[in-house]
Structure formats: C-alpha cells, structure tokens
Student: 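Here it is, the structure in full.
Throughout, protein chains are lettered first and strands after them, A, B, ... in sequence-line order, and every chain is numbered starting at 1.
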There are 2 protein chains.
Amino acid sequence: MDTLETRELRYFMAVAEELHFGRAAERLGMAQPPLSRAIQQLERRLGVCLLERNRRGVALTGAGEVLLHEGRAALDATTAAARRTRRAGGADSPGGPRNRLVLAVKAGASHELLYKLLDAYAAEPDAAEIEVLPSGTCEQGEMLRDGRADVALMHAPFNSLAGFDSEELLTEGQIAILPAGHPLAAHKTLSLAEVGDIPDLPLARFSRHGTYPPGPGPEIHDQTQLAQLIALGRTVAVFPDSARAWLWAEHTAVPLTDAPPVVTHIAWPAHSRSLALAGLIRTATRL
Amino acid sequence: MDTLETRELRYFMAVAEELHFGRAAERLGMAQPPLSRAIQQLERRLGVCLLERNRRGVALTGAGEVLLHEGRAALDATTAAARRTRRAGGADSPGGPRNRLVLAVKAGASHELLYKLLDAYAAEPDAAEIEVLPSGTCEQGEMLRDGRADVALMHAPFNSLAGFDSEELLTEGQIAILPAGHPLAAHKTLSLAEVGDIPDLPLARFSRHGTYPPGPGPEIHDQTQLAQLIALGRTVAVFPDSARAWLWAEHTAVPLTDAPPVVTHIAWPAHSRSLALAGLIRTATRL
DNA sequence: CGTCGGTGATACCTACCGGGTATGACAGGG
DNA sequence: CCCTGTCATACCCGGTAGGTATCACCGACG
C-alpha cells in the first residue's frame, strides 16, 4: 500500500526527466500506454498528483519535483545495494564483507598522493585488494552513491562532500598552466581575473556529465589533449599544484594568488561498515 | 537484469533479520514457499549466495551481510521518497516543494532553543508550517533517513551526524540531577565516576529502540516518570545543562566536570533542496 | 532405532497484472 | 477544417507472484 516499487520509480524518473511519455517509454524500452497507466497507478497509490498533463507535453507538480529528487537518491541506493552485494559475492569471505575495495579517483589527479596511498596500504598486514576506478570530472560522488565505488579521493571545493564521511588529506594551492612562450608566463604570480581574461588564450572548458560550461575556450575531455592545446598556445588551464607532475617542457606553471586552495579528501558513504575500508582510511590519514 | 525490486529487498531483509523463513513469511503476511522461491530468484539474479541454509535455520554469508546493510539504506531511501512525496502532495504548491516541514526533536530536549527557533522562524517573511515531531531517544537519524522527518535537532555525541548536513547551534555542559536531600547534592561539582557509582542511587537507564542498557537502575521511557523517581530519591540521571528548565523543587542539579560537552545541531539529509528548509537553517544559525 | 516435529525446498495451480496493440479524445497549427 | 502530435482508454495475452499440498532432511526423544 505504501511500498513504491523500484520499477515504478524508474518509470517516473524517466517521465520526469523527459517530460514526454513517448520518449520516456522509448528510453525504457517499452510502449507508451503501459507507461501512462503505471504512472497513473503510482499517482493513485501515493494519493498525489505528480504530473500536470497539459495539452502539449507534461510538467512536474511540486510533489513531482520532490519525487524526482528523492527518487534519484532511492534508486541510487538500490543499485548501490545490488552492486556492492554482487561485488561482495563470489568468494564470500566468512564473517564479513569481501576484501575488495573500489577507489574512485578523478582521472589523472593526485598522482603522487594516490601512489603513496596505494603503496602504504599494500604494506598493511591484511590489506584488501584495491581497484582504482578513474572517474570523469567530478563524478566521484555519484559513483559512491550508486555503488560503483566504495571510497573516493575527492577535491573540495570541486566535489561536494555532502552526505559522505571524509577525512582531509592534503591542501594545495592552484596554478595556471600557460604556454611557455606566452608573455604572462614570465609573471611570478597571477590572479584568477588575469587568467580568465586573456584575449588570445581562452580558458579551457572541462566536460561535466557530457556538457560543457559556456565560453570561448576549447572543450576538453582528455588531459593529453589539454596538454597539447596548451603547448600549442591555444588555451590556458587552472589546476591544483600537484599538476606540475605532468607538465611538458612547453608548459609554464604560474601560481595563482587568489584561487581557493584545493583540499583533497578521502570520502566514503556514511553508513559504510567495512573493515577493509576502515584500514584504508587509517592508512590514508597517516600519510 | 540488475534491477533489484523493493519487494525483493523487503523479503530479503525480513529473512535476514529473522534468520528463519517461516517467521519471516509470517511477518510479511505471506506463505513460506513463495518467500523461499523469491529469495532463490534473488540469489540467482544477483549471481551471489546470500544465505547459508543449514539443517536448522539460516545464516548470512558475507554478501548477505552487505545486502542487509545496503538494503536497509535503500529501503529507507525509497520509503523516504514515498513519504516526502505524499507530504508534498495535496496542495501542490506551484514551482517547488510544499511549504511544510517536519522537525524531529528528542522528546523534551532543547525546550528553550526549540522555542526560540520556532518563534524566530515564524516571524520570517514566507515561513513554512513546521510540524514538531517528538522522537524517542536518539532516533532522529532514522527519522531523517526514512522520511518521517525533514530536519532534526540532534545532540552530539549522542546522535551520529554521519550522512547528514548539519550546523552547530549550541554547546552546553552536562549536569547530574539528584534528589535534593542526597548528600552528593551538596557538592559544587561532581565527576562522571562519582555519579555512576552511588550505591543507593543507581543511574537511570533510557530505552533505545525498545531495549535498555544493562545496569541496576530503573528503566525510563518517560521524562515525568524519571523526574518522579529522582524526586523520590530512587535514581540519578545525567542531562545537558538546559535540562535545568524542567527541574522540580525536589531536584538538585550539580555540574559535571568531566562529562563531554553536548553540542546541539540542526541536521538534514545532505541531498535536500527545499527552500523552506534553507530558510529554517538560516534562521537557526542566526539565533 | 523408529517416529515425530520442525526446517526449507519442490510441484502444481490460479489469478492478477504488467506489457503489447489498436484506437480514442483533444488541442494546435497549417 | 483537417492533420499532427500528445496522452488516455479498451482489450488481450503471457508471465509470474502467491497459495496449497507435499517432499526431503535431520535432530530429538521415547
């Protein structure tokens, strides 16, 4: 009576995101009429009007928006349960979650820290196997939420730590990475305003969930590509200090005076109760 | 193929908690055979062995324990979605969650703070309606998780803030509440050790989820009952400083020197995006 | 040592409901 | 005024969730 099956949630999410029964049905791999009926049943069961059926298309009601947000969290939690259970399966270790952890890391970031962490942890007495999962820009949070990862290295203020437990690992300043030949590369320091407003060097734009922020700069989805574009004098980028590790000869790093410091955290779902995870966290905080 | 219906989750949770198919089926209001089959299907779909069927009864495998924990979170999230959606329904306010908030408070705690908060918030321009939900000892977290509440007043270190966003509101010391006539009531201060070891005044035990910690003291489930027992010289209790508000004439409050300070927070689910909630938090932090 | 009680698993049946197809109702746009 | 695109309705079918009856197993106990 008040149960809310995940199937219904999936259906509603599709409709709420597409705002179109036909497209939503297609995305779900089903026909439109059963979808309509399912949503109607859902509304009746909840005793709530979720969608405003206008002549042309569909709009969310207030309750619909609530269910869109809360349902996303619920679906993530459900798929996380499935994934983590699967991962714990196979060789079911007696008396506890299996000794395997998936660590999400922003691809290419925190080289050195990651290296030290894996190294130190591997030396621990009963270390679990760590699978490093490179993630796209800033989606470590989603990976923790939907169970693709068990623990993540996250970078405040880019990642939001809301909803996770975390420990601070490292604080660093930020640098601008410029073509070595560029006039600004001679400066000892720069400000964000100076870097963001160079006529011949538009700021690179990084993809987030497949979309790019507006601006004149090139769209980046690969660090090598970015490095090349900088080397060719086509763009400039801002990175944490540790990015110096991968600079090319054609690059120059200039510290930024007014950029917010980047704090690298190790973060995990607040309800985690895994021994292996606890060990990794302990190792990380002792680095 | 990887979907994990909530029905299956409910079934598994019942079996995992009861460790007995018959009782679990009864609790679920169904017969035992379909339940057995459902669990088997679940195991096949996940490709994982969840339960160890022994001759007598059932035991959880490692994967089963993972699913027990993760599934609890997932089920809480879905029932939270249902509850919050229902609550937002009815008069669906255009363009946003409905103006109603449920605030969970430990029954009888933080009188004055709560009063000031509600008062200050009611004076705000477009204040939402606040429903105050008294909760049993320390279960505000569960209420936030499963959607019975939208926001809570929590008291570190008794409540765990893990998984929630929170703001600190108030820090206070703790006091021992003694019968006025007792010899120790004459002291200016006391230590935890002194209070916990009074031969004729065993420490009161408060219920948590229907169970009580071990000890000689009386079992308390009602503040009035506790007050009476103290007044009668039968027990002693430790409370935050603000408990002075409800002391009787027959009570004496003695500050504790070594008790950890109690920090009252306002806490809410990290993913919340409600305007009304934001307003309440803003009001609370300005108190 | 045989039987009984209690466990979970199996066999089989039924009814419901999730999903498909065909079609309707309705509003805008040309 | 029809045509198009939208969501809703009507109807049918098959899968499956759930029920009952029963089995297979083992431990306890007389």
Student: Could you check which of D:dG18, D:dC7, C:dG19 has an atom nearest any side-chain atom of A:V58?
Tutor: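 Closest of the options to the side chain of A:V58: D:dC7.
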
Student: Test side chain to side chain contact (heavy atoms under 4.5 Å, CB included) on A:E8 and A:F12 and set out the steps.
Tutor: CA-CA 6 Å; A:E8 301 177 292; A:F12 175 76; over 6 Å; no

Student: Calculate the interatomic distance between B:L28 atom CG and D:dA17 atom C1'; express it in whole Å.
Tutor: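 Rounded to whole Å, this separation is 13 Å.
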
Student: On DNA chain C, compare the nucleotides closest to B:R23 and B:R37; which residue's is nearer the 5' end?
Tutor: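 It is B:R23, whose closest nucleotide lies nearer the 5' terminus.
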
Student: Does the C:dG18 base have a donor-acceptor partner in the side chain of A:R7 within less than 3.5 Å?
Tutor: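 Looking at the base of C:dG18, it does not pair with any donor or acceptor on the side chain of A:R7 (distance under 3.5 Å).
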
Student: Rounded to whole angstrom units, what separation is found between the OH atom of B:Y11 and the C1' atom of D:dT16?
Tutor: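 Whole-Å distance recorded here is 12 Å.
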
Student: Considering every strand and a 4.0 Å limit on heavy-atom distances, what is the contact class for B:Q41: base, sugar-phosphate, or nothing?
Tutor: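 It contacts sugar-phosphate atoms only.
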
Student: Regarding A:R87 and A:D150, does a basic nitrogen lie under 4.0 Å from an acidic carboxylate oxygen?
Tutor: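 A salt bridge links A:R87 with A:D150.
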
Student: What is the separation between atom CD on A:E52 and atom P on D:dC7, rounded to the nearest whole Å?
Tutor: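 In whole Å, D:dC7 P and A:E52 CD are 14 Å from each other.
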
Student: Does the pair A:I39 and A:R53 meet the rule for a side chain to side chain contact (heavy atoms under 4.5 Å, CB included), with working shown?
Tutor: CA-CA 12 Å; A:I39 300 292; A:R53 277 85 159 171; 4.0 Å; yes

Student: Can you measure B:R53 atom CZ to C:dA9 atom C1' for me and round it to whole angstrom units?
Tutor: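 Whole-Å distance recorded here is 9 Å.
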
Student: Of all the nucleotides listed (C:dA9, D:dT9, D:dG19), which has the minimum atom distance to the side chain of B:M30?
Tutor: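 It is D:dG19.
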
Student: For B:F158 and B:Q140: C-alpha separation, side-chain torsions, deciding distance, then whether side chain to side chain contact (heavy atoms under 4.5 Å, CB included) applies.
Tutor: CA-CA 11 Å; B:F158 306 123; B:Q140 292 103 306; over 6 Å; no

Student: Is there a side-chain contact between A:L60 and A:L19 in this structure, where contact means two heavy atoms from C-beta onward sitting under 4.5 Å apart?
Tutor: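 A side-chain contact under 4.5 Å exists here.
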
Student: Looking at A:H20, I'd like to know whether one of its side-chain N or O atoms comes within less than 4.0 Å of OP1 or OP2 on D:dC7.
Tutor: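 The answer is yes; a side-chain N or O of A:H20 sits under 4.0 Å from OP1 or OP2.
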
Student: Give the rounded distance in Å between these two atoms: CD1 of A:I39 and P of D:dA8.
Tutor: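 Going from A:I39 (CD1) to D:dA8 (P), I get 9 Å.
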
Student: Could you state the atom-to-atom distance from CD of A:Q32 to P of D:dA8 in whole Å?
Tutor: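 That distance rounds to 7 Å.
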
Student: A:E18 CD to D:dC7 P: how many Å, rounded?
Tutor: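 Roughly 11 Å, once rounded to whole Å.
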
Student: Please tell me which of the listed nucleotides, D:dT20, C:dG8, C:dG19, lies nearest to the side chain of B:S36?
Tutor: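 Between D:dT20, C:dG8, C:dG19, the one nearest the side chain of B:S36 would be C:dG8.
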
Student: Whole angstroms only, please: what is the CD-P distance between B:E5 and D:dG15?
Tutor: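 From B:E5 CD to D:dG15 P: 18 Å.
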
Student: Under 4.0 angstrom, heavy atoms only, what part of the nucleic acid is B:E8 near: base, sugar-phosphate, or nothing?
Tutor: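 Counting heavy atoms under 4.0 Å across all strands, no contact is made by B:E8.
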
Student: So does A:Q40 reach the base of D:dA8 with its side chain, donor to acceptor, closer than 3.5 Å?
Tutor: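 No, the side chain and the base share no sub-3.5 Å donor-acceptor pair.
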
